[in-house]
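Being a predicted model, the structure only gives us computed values, none of them experimental. Order of appearance sets the numbers: ligands from 1, and atoms from 1 within every ligand.
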Amino acid sequence: MNKRVAILGSTGSIGSNALEVIEHLGPPYRATALSAHRQTDKLIQQVQRYRPEAVTLTDDSASPDVIDKLRQLDTTIYTGMAGLTEMVRQNNVDIVLAAIVGAAGLPAVLAAVQAGKTLALANKEALVVAGCLLIPEARRRNVTILPVDSEHSAVFQARLCGRASEVRRVILTASGGPFRNATTLQLEHATLQDALRHPTWQMGSKITIDSATMFNKALEIIEACWLFDLPPENVEVVIHPESIVHSLVEFVDGSVMAQLSPPDMRTPIQYALTYPDRLPGITRKLDITKSFTLHFEPPDLERFAALRLAYDVARAGGTMGAVMNAANEAAVAAFISGNISFMEISRLVESTMNDHRLQQAPSLDDLLGADRWARLNVQSLIEQKTVALRAHR
Ligand code: MG
C-alpha cells in the first residue's frame, strides 16, 4: 500500500511531529504535500528538508517573496482554502493528516473523504462541527478515519480487543489542565499566562487554553460519539493528571482495556500512519523500573461547564456542535487578546448555545452559517458587556 502523506497544517505542533515520524519511518512513508497558514518561513525550511511535491499557502495574503522562494524549490504551489482542497484530491496523496486547528480545516477534510483518501484526523473540530456529514460520507465511500487525538487513538486501539457491539462505555482521560485544583475564585482571576501553563502536554495556544477550560475534553466527548458511534451517555471522562493512560474501553463483561504510553503525540501520529501495522517508534518508552503512581478522579462539572455543555451538544445534534465550537473559538480569541476574563469563555459559549435556534439535518452551508452566526453572537455579547460596563462607570 502506498503511504504518501499530505500534512494539512504542517508547521503546527502535530504537523511538525508528523514530519519527524515520517522521516523516522522512511520509505514507503513520504510527506508529499504540506500546507501552512502564517508560518511561511518554517514552511520553506520544511520544503527544503522534506522536498514535498506540493504545498498550499492557505493564507491568501502570502507575500510574492515567499511564493518566489517556494518556486525555486521545485514544488507545485496552491493557495487559499480552495487550493488546499485541490491539493488533497491529487493522485500523489494516499493519506491526509488533517492537523489544521479549528473549523477552518473542515472543507479540506470533507474533500479528502470525498476523494476516498485515508483520513488521519487530528482536527477534532471537523467532527464536532460536521460529524453528521463526514461520518455518513466516509461510510458511503469506505474511507477509514484513523484518530490522531491521543484519547481517541487509545480508544481505537483498546476497542480492537472486542466487537463494537460489545463495548459498554468509553472512558476518556483528561489531564485536568493547569487549573485542575484551582478554586472558582482563582479561575475568575486566571490570566492568559496561567492558562498557557499546561502540566503534561506541549501544544499550540488554542488547544492549551481549551485544556484549561476543558473545552478540549468537551470537543473530544463529541468527537468520540461520532468516531465510535456511541450515545453521549456511554462516553465518560475521568481526570488522570499523569496523562499516561490515554483512555479506556469497558466491555459488556466488565473488562476494561486501556492504552498507556508517556505523553508524546508522535505515538498516536505514528499509529494512525502505520495502522494496521505497528513499527518501532522514536518516543520514550514507559519506564517501570522506577515506581510510579497513576491517579484517577471524577471531573468537577461545576467548575468546568464545558463538559456539561458537551453532553447538551451531543444530545441536541444538528447545528449545535458548529455553534459550540465557533462560540468557543471566538471566545478564546477574545481571551487571548485580553478582552474577556477566563471564566467568561464558557459563559459566552453557553449564552450563545441558549440563543441558537437549532437546525436538525443541516447541509454544509447551514453548518457554516451556524458557525458564522455564533461568532457574531459572541462578538455582540462582548460589545453589549463593554457598553454596559461603560454606562456603569
Ligand atoms: Mg486529546
For the pair K117 (side chain) and Q90 (backbone), establish whether a donor and an acceptor sit closer than 3.5 Å, ignoring hydrogens and angles.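 Checked: pair present.
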
Under a 3.5 Å cutoff, is there a donor and acceptor pairing between the side chains of E329 and N325? yes

Could you verify whether a donor N or O on one side chain and an acceptor N or O on the other, from T267 and D264, lie under 3.5 Å apart?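 Their side chains do not contain a donor-acceptor pair, so the 3.5 Å distance test is not met.
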
Need the atom name: nearest N/O/S atom of [X] to the Mg ion (ligand 1).
| X | answer |
| --- | --- |
| E151 | OE1 |
| E220 | OE2 |
| D149 | OD1 |

If you take all heavy atoms of K217 and L307, which pair is closest and at what distance? CB-CD2, 3.8 Å

